[in-house]
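Could you have a look at this structure, given as structure tokens, before my questions?
In each ligand, atom 1 is the first atom listed, and ligand 1 is the first ligand listed.
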Amino acid sequence: MARARERLIVVSNRLPFVFRRGARGEWEVEPGTGGLVTALLPVLRHRGGTWIGWPGLAEVSRELAAKLEAVGEGSGYRLRGVQLTAEEVRDFYEGFSNQIIWPLFHDLTSLCNFDPPYWRIYCAVNRKFAKVVREASEAGDFIWVHDYHLMNVAADLRTLGSKARTGFFLHIPFPPIDIFLKLPWRLELLEALLQFDLIGLQTPRDRRNFVQCARALVKDFEVEGRGQVVVARAGSRKLRIGSVPISIDYNAFMRQASTAEVAGKCEELHALLPKRKLILGLDRLDYTKGIPQRLKAFHSLFARYPDMRERVSLIQVVVPSREDIAEYRGLKLEIEQLAGKINGSFVRPGGWVPVWYVYRSLTRTELLSYYRAADIALITPLKDGMNLVAKEYCACNIEEEGVLILSSFAGAAAELGRDALLVNPYDIEGVADAVRRAFRMEKAERQARMRRMRRHIREYDVFWWVDAFLRAAITKDLSAFPQPEDRALEKGTGELVSL
Ligand code: GDG
């Protein structure tokens, strides 16, 4: 195959680098650190290709475009920026993406602000992205678009005459039909999505929801066959729809968590909070993460089971995010009040503090130390596409004695549901009971569960995910498609089932 035919064009809202102006006005550039970046940059280097995205600054300038070119040069791939004005950032990113799609796709309809101009600017910005992609790509390239900000890009590319094949991965959940129907632009959006050649979703449940919506709304939509990746027809178009769960760079987390520096920080933490089990909550500031409900569960734990006082502490890390949106500011206040209430009710002056509240970003070493030090991870989103924190916690639990308490509404529950303690995050007393169960669990059971989860995450890591997505786009025999074992629990066990 000619080199040009193998090129990969990655398109995401943000570029995998952070650009900012230094004190003297010069550009400072730092590479992003997420799993997506770690997994995709080597593929781009190997195949050659381009990453297209917004540099994160509401600024349109030649100087910035030149800086982008320079950063990509010599790395084996190119960077292309889509420059957005402040108005576009407001209506496309903060508006349509984060005040409509984000809450709607997480089943939180009451938080949606269906402001009509948001849709128009969303369409215009998607066309802007598509134009840059069209200029940067050739017919033989594979264009891989990421996430809910860019759902119209394949349709716009077709209008622009592009012949390149396209794939889309949705990092957040796809909602059930009753919720999706509330979107005023539901048909336009679905029809645009169906212009991709492959649509990848996190879990079988998301795939089922998507297929059900398309069946109900799109004329002549049919699905052939069964399995993790299915072929669908929408009129004369043929495409694939699959569930391909994202993961982490397991070996990197495990290796870094094993260093002496992390071990030292863990000891410091245990010395600061001695003679108790440490429970970790770690989330971006977001109403989907269920932080207030989790704090209420903690209050219930100490109120209903006084014997648990002084024997556990919750370290709740909240990483600042989207502070420009009013709901997020209100949420921060609510979290602080709830943490204050628990500490006010149960604290032992000069001794035990029930909730350690941290509101800031952590360095990588701090993050790993919290993961490694935690005896229990309490991950209770109201809904989550996957939740990488759950997988990272397991990867860093090198002693293999920790317990993962996980919301059954996190995508990760589809893979880890048999060995995590699954909870319903809305069930305050149920979550409190799960913490007590985790606290009392015998070492042998903890180890067996943690080992199985770690083995699974090691096998299906982020490199598997990239490979599986690209294979789903090209493989002829879909029945042989690689897939993780479905680890969701069977009905009738009395345990919560991952839906
Ligand atoms: C979306 C979907 C899906 C967090 N705080 C710090 C920090 N982090 C890193 C974690 C983890 C990532 O951020 C958060 O990932 P999540 O998956 O938990 O959540 P979202 O940001 O909402 O991501 C989600 C994901 O996309 C991937 O498809 O799983 O469902 O919502 O990697 O480690 N890293 C550092 N300091 C921090 O303070 N260094």
Side-chain angles (χ1 to χ4, degrees), residues 12-14 16 18 30-40 97-98 101-108 144-150 168-175 200-203 205-206 243-250 252-254 256-257 262 265 280-291 315-322 328 357-372 374 377-396 404 406-407 409-416 425 457 460-462 465-466 468-469:
S12 62
N13 175 46
R14 291 291 290 267
V18 181
E30 260 177 53
T33 50
L36 188 66
V37 181
T38 320
L40 283 175
S97 301
N98 286 334
I101 297 298
W102 179 267
L104 187 78
F105 280 32
H106 287 90
D107 300 355
L108 297 166
W144 186 357
V145 179
H146 289 265
D147 230 358
Y148 60 104
H149 316 86
L150 301 171
F168 174 75
F169 187 79
L170 184 68
H171 290 256
I172 65 175
F174 197 90
L201 300 142
Q202 297 273 25
T203 66
R205 172 175 49 187
D206 299 316
S243 49
V244 192
I246 197 169
S247 195
I248 58 164
D249 184 351
Y250 175 91
F253 272 98
M254 195 192 68
Q256 290 161 8
V262 170
K265 284 230 174 283
L280 177 67
L282 191 148
D283 317 80
R284 266 191 314 104
L285 177 69
D286 200 289
Y287 46 74
T288 62
K289 301 291 181 186
I291 309 169
I315 302 176
Q316 177 60 58
V317 181
V318 178
V319 181
S321 167
R322 301 181 196 167
Y328 288 72
Y357 172 64
V358 181
Y359 181 74
R360 63 177 172 84
S361 303
L362 305 178
T363 62
R364 178 93 174 166
T365 309
E366 285 175 315
L367 178 80
L368 296 165
S369 315
Y370 280 124
Y371 281 149
R372 186 167 163 188
L378 188 52
I379 299 177
T380 55
L382 306 181
K383 187 131 185 190
D384 219 330
M386 175 55 60
N387 197 299
L388 296 178
V389 170
K391 292 185 173 181
E392 291 167 7
Y393 169 69
C394 294
C396 295
L404 173 65
L406 181 63
S407 161
F409 306 124
E415 292 169 83
L416 307 177
I457 302 164
Y460 297 100
D461 66 3
V462 73
W465 173 74
V466 170
F469 185 90

* To do: Indicate, as side chain, backbone, both or neither, the part of Tyr393 found under 4.0 angstrom from ligand 1 when only non-hydrogen atoms are considered.
  => neither

* To do: Could you list which atoms of ligand 1 come closer than 4.0 Å to a heavy atom of Tyr371?
  =>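 Within the 4.0 Å cut-off of Tyr371, ligand 1 contributes 33 (O).
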
* To do: Check whether any side-chain heavy atom of Thr288 lies under 4.5 Å from a side-chain heavy atom of Ile172, and answer yes or no.
  => no

* **Any side-chain heavy-atom pair of Tyr287 and Pro103 under 4.5 Å** =>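 The answer is yes; the side chains approach within 4.5 Å.
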
* Arg284-ligand 1 polar pair, N/O distance under 3.5 Å -> yes

* Asked: Looking only at N/O atoms, are Leu362 and ligand 1 under 3.5 Å apart anywhere?
  -> yes

* Asked: Should the pair Phe169 and Phe469 be assigned to parallel (<30°), tilted (30 to 60°) or perpendicular (>60°) ring geometry?
  ->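 Perpendicular: the ring planes of Phe169 and Phe469 meet at over 60°.
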
* With a 4.0 Å heavy-atom cut-off (strictly under), which part of Val389 contacts ligand 1: side chain, backbone, both or neither? ->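 Both the backbone and the side chain of Val389 come within reach of ligand 1.
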
* Option from Met254, Met386, Glu392 for which side-chain contact (heavy atoms from CB on, under 4.5 Å) with Ile248 holds ->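 So, applying the side-chain contact (heavy atoms from CB on, under 4.5 Å) to Ile248 and each of Met254, Met386, Glu392, only Glu392 qualifies.
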
* Asked: Which of the listed options, Ile172, Ile246, Leu367, holds the heavy atom that is closest to atom 7 (C) of ligand 1?
  -> Leu367

* Asked: Among His106, Lys289, Gln202, Met386, which residue places a heavy atom closest to atom 19 (O) of ligand 1?
  -> Lys289

* Report yes or no: does a heavy atom of Phe253 sit under 4.0 Å from some atom of ligand 1? =>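 The answer is no: ligand 1 sits nowhere under 4.0 Å from a heavy atom of Phe253.
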
* Just going by heavy-atom distances, which of Val317, Leu282, Ile379 is nearest to atom 4 (C) of ligand 1? ->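 It is Leu282 that holds the nearest heavy atom.
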
* Which part of Leu388 is near ligand 1, with near meaning a heavy atom under 4.0 Å away: side chain, backbone, both or neither? -> both

* Structure fact -> Residues passing the ring-ring contact (aromatic ring centres under 6.0 Å, His included) test with Tyr357, sequence neighbours excluded, are none

* Side chains of Ser247 and Ile457: does their closest heavy-atom pair fall under 4.5 Å? -> yes

* Asked: Is the shortest heavy-atom distance from the side chain of Tyr359 to the side chain of Pro320 under 4.5 Å?
  ->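 Yes, side chains in contact.
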
* Answer yes or no for Arg205 and Phe174: cation-pi contact, defined as NZ/CZ to six-membered ring centre under 6.0 Å and angle to ring axis within 45°. => no

* To do: Kindly confirm or rule out an N or O of Gly385 lying under 3.5 angstrom from an N or O of ligand 1.
  =>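 Indeed, backbone or side chain, Gly385 has an N or O that close.
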
* Asked: Do any nitrogen or oxygen atoms of Arg360 come within less than 3.5 Å of a nitrogen or oxygen of ligand 1?
  ->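 No, there is no polar N/O contact under 3.5 Å.
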
* Indicate the ring-plane relationship of Tyr148 and Trp102, choosing parallel, tilted or perpendicular according to the 30° and 60° boundaries. => tilted

* Any N or O of Ser361 closer than 3.5 Å to N or O of ligand 1 -> no

